[in-house]
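Remarks on the structure that follows.
Both counts, for ligands and for their atoms, begin at 1 and track the order of listing.
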Amino acid sequence: MSRVLNGIVAVCPDLGIGCHGNLPWHPVRLNNEFKHFRRMTATASVKDKQNVVIMGRKTWFSIPEKNRPLNNRINIVLSRELKAPPAGAHHLAPDFSSALRLVDMELAEQVDQELMESTGTRRLFVTQILKQFECDTFLPEICLDKYRLLPEFPGVPQELQEENGVQYRFEVYESIDE
Ligand SMILES: NC(=O)c1ccc[n+]([C@@H]2O[C@H](COP(=O)([O-])OP(=O)(O)OC[C@H]3O[C@@H](n4cnc5c(N)ncnc54)[C@H](OP(=O)(O)O)[C@@H]3O)[C@@H](O)[C@H]2O)c1
């Protein structure tokens with residue numbers, strides 16, 4: 001069985017993604033960036049089905065309580081320490097492989113055979129924030145050799161975005177078949 005495994009992140013020029021448990025640009029709000037995150041994660045490719053979102057414990061608790069779990073998505077929290085899913089989360093996984101096994105179980109319940117047997121393309125939805133903010137959490141170096149930047153992607157604006165004085169650009173990368 002294969003699954004489509006996508007990543008999504010908004011990243012500062014120095015690859016910073018977080019600061020003091022929050023987004024680096026906090027308290028500046030990038031509402032359209034947030035809507036992009038919601039659209040890309042909550043829109044399932046199969047009608048009446050839900051995507052799964054996998055996130056670390058700190059990311060889970062960085063989401064305001066009233067917004068947890070992320071709605072219309074099955075929320076899996078990664079933690080080696082927690083013994084039970086935090087309140088509101090659908091599943092807890094002690095490592096990434098276990099999270100993927102949970103995804104497969106969800107898929108087995110949700111998705112038709114044709115989709116399960118389709119080859120999984122990997123996409124990275126990257127928002128390039130063009131302003132540097134203080135960061136204490138960084139993306140690991142991603143080897144983009146195996147990805148290509150798509151010239152366009154349905155529902156993703158190509159033009160430069162600006163909110164509250166912060167410019168950013170949406171990018172979508174797709175894995176190159178080996
Ligand atoms: N810019 C963005 O797009 C974006 C997206 C998400 C988050 N953020 C920001 O990033 C920061 C949080 O990120 P972070 O990297 O510090 O923390 P994180 O990955 O959200 O959480 C770290 C914790 O998650 C658990 N964990 C992570 N990977 C695991 C794995 N493979 N297996 C088992 N457990 C795993 C561990 O929990 P235990 O200690 O309980 O074992 C670990 O201590 C916040 O500032 C947040 O706002 C930014």
Side-chain angles (χ1 to χ4, degrees), residues 3 5-43 51-106 122-144 147 149 153 155-157 160-174:
R3 46 183 125 59
L5 187 62
N6 296 330
I8 185 160
V9 71
V11 61
C12 281
D14 68 349
L15 298 187
I17 60 165
C19 193
H20 306 310
N22 219 317
L23 296 170
W25 38 96
H26 177 80
V28 174
R29 289 181 66 86
L30 303 179
N31 288 330
N32 288 334
E33 207 290 317
F34 180 68
K35 282 183 195 155
H36 169 76
F37 170 80
R38 194 169 53 211
R39 197 166 52 244
M40 292 302 127
T41 56
T43 310
N51 287 336
V52 173
V53 285
I54 303 173
M55 69 194 95
R57 173 181 55 79
K58 292 180 185 172
T59 296
W60 168 263
F61 285 107
S62 78
I63 301 168
E65 198 174 347
K66 64 179 171 37
N67 297 334
R68 302 194 306 244
L70 297 175
N71 60 11
N72 301 319
R73 286 149 284 186
I74 295 156
N75 290 222
I76 299 181
V77 177
L78 287 169
S79 169
R80 298 176 193 89
E81 301 297 326
L82 295 176
K83 301 294 173 232
H90 301 102
H91 298 286
L92 170 71
D95 52 56
F96 200 68
S97 312
S98 307
L100 293 183
R101 279 197 293 277
L102 286 165
V103 173
D104 289 341
M105 281 163 51
E106 290 284 355
R122 283 170 188 245
R123 294 201 185 99
L124 299 176
F125 293 88
V126 179
T127 303
Q128 300 279 5
I129 306 289
L130 301 179
K131 183 172 177 179
Q132 188 59 58
F133 293 88
E134 184 194 349
C135 298
D136 61 14
T137 309
F138 298 86
L139 277 187
E141 289 287 326
I142 307 177
C143 179
L144 285 178
Y147 289 85
L149 177 62
F153 191 84
V156 176
L160 184 67
Q161 308 289 308
E162 180 162 352
E163 285 186 274
N164 296 318
V166 181
Q167 292 189 323
Y168 58 93
R169 199 182 288 288
F170 297 121
E171 293 180 344
V172 185
Y173 294 83
E174 194 165 88

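- Residues Phe133 and Val166 meet the side-chain proximity criterion, which asks for heavy atoms closer than 4.5 Å.
- The option from Leu23, Leu78, Ile63, Leu92 that lies nearest to atom 25 (C) of ligand 1, judged by heavy atoms, is Leu78.
- The number of heavy atoms from other shown groups lying within 6.0 Å of CZ (Arg39) is above 12.
- A donor and an acceptor atom, one from each side chain of Asn31 and Glu163, are nowhere located under 3.5 Å apart.
- Note: an N/O pair closer than 3.5 Å links Thr59 and ligand 1 by distance alone.
- Residue-to-ligand polar distances place Ile17 within reach of ligand 1: an N/O pair is separated by less than 3.5 Å.
- No N or O atom of Trp25 sits closer than 3.5 Å to an N or O atom of ligand 1.
- The side chain of Thr137, and not its backbone, has at least one atom closer than 4.0 Å to an atom of ligand 1 (non-hydrogen atoms only; side chain from C-beta on).
- Distance check for atom 5 (C) of ligand 1: every protein heavy atom is found at 4.0 Å or beyond.
- For atom 38 (P) of ligand 1, the nearest non-hydrogen atom of the protein is Arg57 NE, 3.3 Å.
- By the 3.5 Å distance cut-off applied to N or O atoms, Ala10 is counted among the residues near ligand 1.
- Note that atom 12 (C) of ligand 1 has protein non-hydrogen atoms nearby, at separations under 4.0 angstrom.
- From the protein, the heavy atom lying nearest to atom 31 (N) of ligand 1 is Arg80 NH2, 3.9 Å.
- Using modelled atom types, one finds a donor on one side chain and an acceptor on the other under 3.5 Å when comparing Glu171 with Gln128.
- At a heavy-atom distance under 4.0 Å, only backbone atoms of Cys19 (N, CA, C or O) approach ligand 1.
- Shortest contact from atom 44 (C) of ligand 1 to any protein heavy atom: Gly21 C, 3.8 Å.
- Counting heavy atoms closer than 4.0 Å to ligand 1, residue Pro24 contributes nothing at all.
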